[in-house]
Number of protein chains: 2
Amino acid sequence: MQLHNTSQYAIRVLNFIANHSDDRLYSAKELSEILNIPYKFLTKIMGILVKTGFISSIQGREGGYELNTPASEIKLIDILNTFNDETDNESCVLGIGICDSVNKCALHDQWMEPKSLMRKMFEETTLNNLTCKDCKL
Amino acid sequence: MQLHNTSQYAIRVLNFIANHSDDRLYSAKELSEILNIPYKFLTKIMGILVKTGFISSIQGREGGYELNTPASEIKLIDILNTFNDETDNESCVLGIGICDSVNKCALHDQWMEPKSLMRKMFEETTLNNLTCKDCKL
DNA sequence: TTCAATTACTACTCAAAGGTAGAATTTAAA
DNA sequence: TTTAAATTCTACCTTTGAGTAGTAATTGAA
Ligand code: SF4
Ligand code: SF4
């Protein structure tokens, strides 16, 4: 019951960049050191974040990454979907397939409240709701 | 953000056996067909459930499985822990390691409510809270 | 006693996540 | 113009979850 490492990394990177977007460009090397994420794995993830349009990259010497979309428009759920961290009904708690209020699994009644709260959180939280100056990176 | 298949299967099997414990013994073959779980994978899981003491097995012809612990004493969280579906703080949403109210990650404030509800649910729900006669298996 | 239905055990394959290696490309500073 | 610092691309390796195969051991029924 956990997010994928890639999702966690992506959230942390995007959050950091969003919090320092006025500043300047950050390179993969810096991000890797600041956020303590394996360099080679980070660059792989950055490539995906560029392709999906969350960030844009400046190539070459003195290059780096910067936010390409306003922080207020990047929802956590969008990041999760990018890395196959599904939160939809198809892959719900007992994974039984399509289900509704009449056709439900044994856990349904207990699960719906935590699940909907979780889903609501991922859907409504954007990067700029996350701004937290003293938080761990 | 999902339970492991093994956890899902284990919950469904244990729930079924708990709901039919008065009945009779159920064999792996039957369980596999009723619950639509691959036979060979199921027997592997049953072995683990026997070792951990949730169920006991009757070997040989006419054998099968039966609950070994009262349904009221089998918490979902115990099943999850058996299959490495951690819900503890070490492996929390951003996976940053030890953290408390002063030393927290950027998602902490948003995450704690859904998380604690989820955790409470897994900790307080036992197999006999789950009894649901018309539910999908 | 034989035999078929059953659990238990060991070892393997497959797929996906997590991570690494190396070289190509881009670009600004020296 | 050269060079070093950067992103990008392709391919690989490792680990773990998911699932399969085959066989041994057990035991009640015929
Ligand atoms: S909890 Fe509800 S929505 Fe989720 S699998 Fe069970 S029945 Fe379906
Ligand atoms: S949400 Fe809170 S407990 Fe979980 S990783 Fe973040 S700081 Fe730690």
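Sequence lines set the chain letters: A, B, ... in the order given, protein chains first and strands last, and positions in each chain run from 1.
Per the geometry, NE2 belonging to B:His4 stands 12 Å off C1' belonging to C:dA16, to the nearest Å. The distance from atom CD1 of A:Ile45 to atom P of C:dG18 is 9 Å, rounded to the nearest whole Å. If you measure from atom CD of B:Glu30 to atom C1' of C:dT7, you get 14 Å, rounded to the nearest angstrom. If you measure from atom CZ of B:Phe41 to atom C1' of C:dC12, you get 15 Å, rounded to the nearest angstrom. Distance, B:Lys40 NZ to C:dT6 C1': 12 Å, rounded to whole Å. Distance CG (A:Asn84) to P (C:dG18): 10 Å, rounded to an integer number of Å. Going from atom CG of A:Asn36 over to atom C1' of C:dG19 covers 14 Å, rounded to whole Å.
In this structure, the side chain of A:Gln8 engages the main chain of B:Val93 through a donor-acceptor pair within 3.5 Å. Listed for the B:Asn103 side chain is no donor-acceptor partner under 3.5 Å among the backbone atoms of B:Cys99. Listed for the B:Asp85 side chain is a donor-acceptor partner under 3.5 Å among the backbone atoms of B:His4. Looking at A:Thr126, its side chain never comes within 3.5 Å of a backbone N or O of A:Ile74 through a donor-acceptor pair. Proximity of a side-chain donor or acceptor of A:Thr82 to a complementary backbone N or O of A:Leu49 within less than 3.5 Å is not detected. In terms of modelled atom types and a separation under 3.5 Å, the side chain of B:Glu30 and the main chain of B:Ser27 share a donor-acceptor contact.
For the pair B:Thr43 and B:Lys29, nearest-nucleotide mapping onto DNA chain C gives the more 5' position to B:Lys29. When each of B:Phe83 and B:Pro38 is assigned the nucleotide of DNA chain D with its nearest heavy atom, B:Phe83 is the one assigned upstream, toward the 5' end.
Within residues 54-61 of chain B, the residues that place at least one heavy atom under 4.0 Å from DNA chain D are, in residue-number order, B:Gln59, B:Gly60, B:Arg61.
Ring-centre distance between A:Phe83 and A:Tyr9: not below the 6.0 Å cut-off.
Legend: ring-ring contact (aromatic ring centres under 6.0 Å, His included) pairs involving residues 43-74 of chain A, not counting sequence neighbours: none detected.
Between A:Thr6 and C:dG18 there is a side-chain polar atom (N or O) within less than 4.0 angstrom of OP1 or OP2.
Residue B:Ser27 has its side chain nearest to C:dT6 when only C:dG22, C:dG18, C:dT6 are considered.
A 4.0 Å heavy-atom criterion places the boundary nucleotides of DNA chain D facing chain A at D:dA4 to D:dT8, written 5' to 3'.
Contact annotation for B:Tyr9: backbone-only contact, meaning every heavy-atom pair under 4.0 Å involves sugar-phosphate atoms and none involves a base. At the heavy-atom level, A:Tyr65 lies under 4.0 Å from the strands shown only through sugar-phosphate atoms.
Counting heavy atoms of neighbouring residues, nucleotides and ligands inside a 6.0 Å radius, atom NZ of B:Lys136 exceeds 12 of them.
One cannot find a donor-acceptor pair under 3.5 Å joining the base of C:dG18 and the side-chain atoms of A:Lys44.
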